[in-house]
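The structure appears right after this line, and notes come after that.
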Amino acid sequence: MTVYDVAIIGSGPAGMTAAIYAARANLNVLLLDKLAPGGQIVNTFEIQNYTGMGTVNGAELAIKMFEHTQELGVNFDYGTVTAIQSEESVKKLICEEGHTFEAKAVIIATGTKPRMLGVAGELNFAGSSISWCAICDGPHYRNKKVIVIGGGNSAVEEAIYLASLAHEVIVVTLFDLTADPLACNKLRALPNVKIYEYHDILEFLGTDKFVGIKAKSTKTGEEIIVNADGAFEYIGLKPTADAFKELGIVNDYGYIETDAFMATKVPGIYGAGDIISKHLRQIVTACSDGAIAAQSAAKYIEKLN
Ligand SMILES: Cc1cc2nc3c(=O)[nH]c(=O)nc-3n(C[C@H](O)[C@H](O)[C@H](O)COP(=O)(O)OP(=O)(O)OC[C@H]3O[C@@H](n4cnc5c(N)ncnc54)[C@H](O)[C@@H]3O)c2cc1C
């Protein structure tokens, strides 16, 4: 079996940047993902804050990043890593699909997944009338009415996108809008958007067919029903580090603890991107982490040899 110099789990911006830096350090690199390369940005309509790109479509940026890894000879493969067996000189990656990979160092860049509200009716419509991906499912709602749940950057950006397709977009958020002021102003100015701030979602309504939501004002206690054809949830993210808990590198909040060199407390295992404990989860910070993790892995491997 090939023993790679470095195996990178997750091919989002963090993993792909780590792969680029590791390949440029002359390492034999495996980039693994359970899905197609790109990570969360594949499903992001417009990115407006990645240095030098102005406004760029997420999928286009993902393709550019992936092509960059391929120009440098990075090996991409599919696999859902469920565990890492760590020995001093080699780490074994166990995949759900039944195969294993070996590497001298590992960079974990598995990112996050969307959080669910956990209220009545949600499971009945999850994946049909309730979606977490406006770019994937938004086109179903052309000229229809949709609800966007949440008030942070993702909710506001995706509500702006949905307003370009849907006849009407209703934003329901537990607090005020907390996204970038520029994005909030843009959303508020759209004629087909209505915003309910300080409203808690109580229930998704409908028996066979989704018909809307019931929400309650946290200020007045008044309950409202908003009818719509579909709903999009953007209420935060959950780390995807369950597979690495046994290594003792995951904190109580589910994120991987790293130092300034992206090193975990297990020698030869690094973390990068949204999966690590940090303050700002963005593409530019994920890329930065990936670059640092790859440099650290290269130094670790040099010492091993
Ligand atoms: C709707 C939305 C809009 C956003 N807009 C912006 C924006 O405008 N600007 C900005 O800077 N940021 C934005 N972000 C945040 C940005 O997408 C993330 O910060 C960035 O993608 C993090 O990159 P990452 O590589 O750490 O993780 P991710 O992009 O989450 O990639 C993780 C990868 O790991 C894979 N993976 C997970 N578990 C496993 C496993 N066990 N085995 C194998 N593979 C696995 C996943 O399939 C995925 O491909 C947005 C996020 C969302 C959700």
Side-chain angles (χ1 to χ4, degrees), residues 7-20 30-51 53-59 61-62 65-66 69 76-84 93-97 99 101 106-115 131-138 148 150 152-162 179-180 182-183 232-245 254-256 258 262 271-291 293:
I8 300 163
I9 312 171
S11 67
M16 290 198 282
T17 308
I20 290 165
L30 171 68
L31 179 63
L32 259 186
D33 206 297
K34 59 182 179 181
L35 302 172
Q40 287 180 60
I41 62 172
V42 169
N43 299 324
T44 303
F45 175 57
E46 269 186 358
I47 292 156
Q48 300 189 322
N49 55 4
Y50 186 59
T51 317
M53 299 302 288
T55 296
V56 63
N57 173 269
L61 182 60
M65 287 183 179
F66 185 64
T69 71
F76 177 81
D77 211 333
Y78 286 99
T80 308
V81 177
T82 51
I84 302 175
L93 274 52
I94 315 293
C95 293
E96 194 178 275
E97 295 80 2
H99 40 267
F101 296 95
V106 175
I107 298 172
I108 302 170
T110 48
T112 55
K113 59 185 175 197
R115 202 172 277 286
S131 169
W132 287 263
C133 179
I135 198 134
C136 323
D137 300 321
V148 172
N153 276 316
S154 298
V156 169
E157 282 162 16
E158 301 310 298
I160 292 169
Y161 166 62
L162 286 166
D180 296 343
L182 270 181
F232 290 80
E233 284 187 31
Y234 293 101
I235 54 151
L237 300 162
K238 261 172 77 172
T240 46
D242 286 354
F244 316 112
K245 277 188 176 156
Y255 290 95
I256 292 178
T258 55
M262 300 300 134
D274 282 10
I275 193 58
I276 67 166
S277 175
K278 62 177 184 176
H279 297 294
L280 182 64
R281 293 191 171 82
Q282 289 279 280
I283 300 163
V284 74
T285 58
C287 293
S288 165
D289 297 343

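Note that the coordinates shown come from a computational prediction; the quantities given were computed from them, not determined experimentally. Whatever order the structure lists them in is the order used to number ligands and atoms, beginning at 1.
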If you have a sec, work out which protein heavy atom is nearest [atom] and how many Å separate them, to one decimal?
atom: atom 40 (C) of ligand 1; answer: Val81 N, 3.7 Å
atom: atom 44 (N) of ligand 1; answer: Lys34 N, 3.3 Å
atom: atom 20 (C) of ligand 1; answer: Asp274 OD2, 3.9 Å

Tell me, do [X] and [Y] make a side-chain contact under 4.5 Å, heavy atoms counted?
X: Leu237; Y: Arg115; value: no
X: Phe244; Y: Ile256; value: yes
X: Tyr255; Y: Arg281; value: yes
X: Met65; Y: Ile41; value: yes
X: Phe232; Y: Ser154; value: no
X: Ile84; Y: Ile9; value: yes
X: Glu157; Y: Phe45; value: no
X: Met53; Y: Ile47; value: no

Polar proximity ligand 1 side, [X] side, N/O cut 3.5 Å exclusive:
X: Gln282; result: yes
X: Thr240; result: no
X: Ser154; result: no
X: Pro13; result: yes
X: Gln48; result: no
X: Ala36; result: no
X: Glu157; result: yes

Can you find a non-hydrogen atom of Ala134 under 4.0 Å from ligand 1? no
Within the 3.5 Å criterion, strictly below it, is a donor on Thr112 or Gln40 matched to an acceptor on the partner's side chain? yes
Would you please say whether a donor-acceptor pair under 3.5 Å links the side chains of Glu46 and Asn57? no
Measure up the Phe101 and His99 rings against each other and bin them: parallel (under 30°), tilted (30 to 60°), perpendicular (over 60°). perpendicular
Below 4.0 angstrom from a heavy atom of [X], which ligand 1 atoms are there? Numbered from 1 as shown, please.
X: Ile283; value: 9 (N), 10 (C), 11 (O), 12 (N), 16 (C), 19 (O)
X: Leu35; value: 47 (O)
X: Ile9; value: 42 (N), 43 (C)
X: Thr44; value: 2 (C), 3 (C), 4 (C), 5 (N)
X: Gly39; value: 29 (O), 31 (O), 48 (C), 49 (O)
X: Thr80; value: 42 (N)
X: Ala109; value: 32 (C), 33 (C), 34 (O)
X: Thr112; value: 30 (O)

Quick one: look at [X] and ligand 1, take heavy-atom pairs under 4.0 Å, and tell me if it's side chain, backbone, both or neither.
X: Thr285; result: neither
X: Asp33; result: both
X: Asn49; result: side chain
X: Met16; result: neither

Just verifying a value: how many Å separate Asp289 CG and Thr258 OG1, rounded to the nearest 0.5 Å? 7.0 Å
